[in-house]
Number of protein chains: 2
Amino acid sequence: MERIFSPLGFDDPGAGPLYLQLQRRIADAIAGGRLAPGNSLPAERDMATMTGLSRVTVRKAVQALVAGGQLVQRRGSGTFVAPKIERLEQALSLLTSFTEDMARRGKTVESVWLARQVTTPSPEEVMALGLGAGERVARLERVRRSDGVPLAIERASLSLQTLPDPASVETSLYAVLQDRGLRPVRAVQRISASNLGAKDAELLGVATGAAGLRIERIGYLPSGRVVEFTRSLYRGDAYDFAVELTLAPSLEGSNG
Amino acid sequence: MERIFSPLGFDDPGAGPLYLQLQRRIADAIAGGRLAPGNSLPAERDMATMTGLSRVTVRKAVQALVAGGQLVQRRGSGTFVAPKIERLEQALSLLTSFTEDMARRGKTVESVWLARQVTTPSPEEVMALGLGAGERVARLERVRRSDGVPLAIERASLSLQTLPDPASVETSLYAVLQDRGLRPVRAVQRISASNLGAKDAELLGVATGAAGLRIERIGYLPSGRVVEFTRSLYRGDAYDFAVELTLAPSLEGSNG
DNA sequence: TAGTGGTCTAGACCACCAA
DNA sequence: TGGTGGTCTAGACCACTAC
């Protein structure tokens, strides 16, 4: 610990900005195990006096590591090395529901409802669901947790013909749809990454600006009718999506 | 412009921190089109005097928007609204190479090589490629650009039996492998999101901490032998991966 | 050369948490 | 109540860009 926050070595002119040097020292200490998950760091003011830097500079180094998910800070309490997070792997090629997916691997699932209502659709929802003029929409918004850890924010929209009573969904949306004979058999997903805004980050228990996996899904019935339009935001540090790929058809047989 | 940086309204006690209020004002102006892509913002010092805030506070607001990809800053030049980026969509279910994928949609592809060498493998590479003790590895690292815009960093590792001469790869790795009769026919990918470090961010031309899509791929021959181990980092703001899902086999027929 | 963003400082007050 | 992180300020110097 003394070595990390030693005032020595900060005067090398070619070593870059001071906050980056400190950031690198702390990151190296975590990577090297000298700072283990759960360990506390000295208070910001103490790090400042120990290193001979100003508190603002120390804060800039720490903030970068908080944003990257390597440290966590609790006001009034202190700064700590982030706990090791167990990465969940989910197969992306199968159309399963969150609830079923977690049950399959023996995890508990809790949902915290943010909204479960009938409302006026956004232009995006009108487009995706093919709604008529004046038609309203069922919207389900919830934070998904597994074993107490928030994993994803899920915002599902369905036409009222598909789901007249949103309040009837307690846990699995797909289970409700299945009862109504309206479970999707095919879906198209689009995946991208983006930085989480303050609100979404708080819901997921990570720092503002942390990387999240954004997944947009449109589910279809066998008839081709759209049943669901879902936008999810997964914690980037807690989720791995696995996909199996096969050779592109147009290239088949031309190999070798 | 005057409205955005007006000193009025910053005294409301319930509106949260000043830097968040300013951040919201600027973000709203961009979303509402009052600030269009390419537009320049006043200098930081000017924004500070206009709003009555300190430069540090203005900077904190601006930095957050830079991290989120909504603004770009150029030292000595100014602060600008980020140009609209064209999102590329790539099918995730087919095993295609970057080069072929871009060619199919009529885009030019350039590679900037970071490394193309035979070297000592990392433990991760030994594991993924199933290398023997003392065996060396061919490593290909490059930044992929399309129409001049950097899109991804690709780091591919192959055993020397698969690719004895890394320098023989000029554009498409898969084309070279195909010539040798070693093109993979199956691959497993793992997808997650993470914040880009300073170095990777610079290579992709985005701000440090921006969200990136991390993809790890292991490619196999028909025999089941591993041919390639590739770790890629895509710009989160420039890429959409599309996947089509079908009903999980175990649920087939139980629908309705 | 003038203007811009990038870094850094010393000091202050507030809100929250734990003993 | 004392310590912690969260916010904010005024002022300074540097490195780079554009002219």
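Numbers restart at 1 for each chain; the letters A, B, ... are given by sequence-line order, proteins then strands.
You can see that DNA chain D meets the heavy atoms of chain B within a 4.0 Å-exclusive cut from D/dT7 to D/dT17, reading 5' to 3'.
Under the 30°/60° scheme for interplanar angles, the aromatic rings of A/Tyr234 and A/Tyr239 are found to be tilted.
Under the ring-ring contact (aromatic ring centres under 6.0 Å, His included) criterion, B/Tyr19 pairs with no residue at all, not counting sequence neighbours.
In this structure, the separation between CD1 on B/Ile4 and CD1 on B/Ile26 is 7.5 Å, given to the nearest 0.5 Å.
Contacts of residues 66-77 of chain A with DNA chain D (heavy atom under 4.0 Å): A/Gln73, A/Arg74, A/Arg75, A/Gly76, A/Ser77. Within residues 53-62 of chain A, the residues that have a heavy atom under 4.0 Å from DNA chain C are, in order of number, A/Leu53, A/Ser54, A/Arg55, A/Val56, A/Thr57, A/Lys60.
The salt bridge (Lys or Arg N to Asp or Glu O under 4.0 Å) pairs that include a residue from residues 49-58 of chain A are A/Glu44-A/Arg55, where partners are two or more places apart or lie in different chains. Applying the salt bridge (Lys or Arg N to Asp or Glu O under 4.0 Å) definition to pairs two or more places apart or across chains, those involving residues 199-214 of chain A are A/Arg155-A/Asp200.
A/Arg87 and B/Ser192 are linked by a side-chain donor-acceptor pair at a separation below 3.5 angstrom, with hydrogens and angles left out of the test. Side-chain contact annotation: B/Arg145 with B/Ser111, donor-acceptor N/O pair under 3.5 Å absent. Using modelled atom types, one finds no donor on one side chain facing an acceptor on the other under 3.5 Å when comparing B/Ser232 with B/Glu154.
Look at B/Thr79 and you won't find any side-chain N or O under 4.0 angstrom from OP1 or OP2 of C/dT4.
Between B/Leu213 and B/Phe241, some side-chain heavy-atom pair lies under the 4.5 Å cut-off.
Under the side-chain hydrogen bond (donor to acceptor under 3.5 Å, both in side chains) rule, B/Ser157 has a single partner from B/Glu228, B/Glu141, B/Glu124, B/Arg231, which is B/Arg231.
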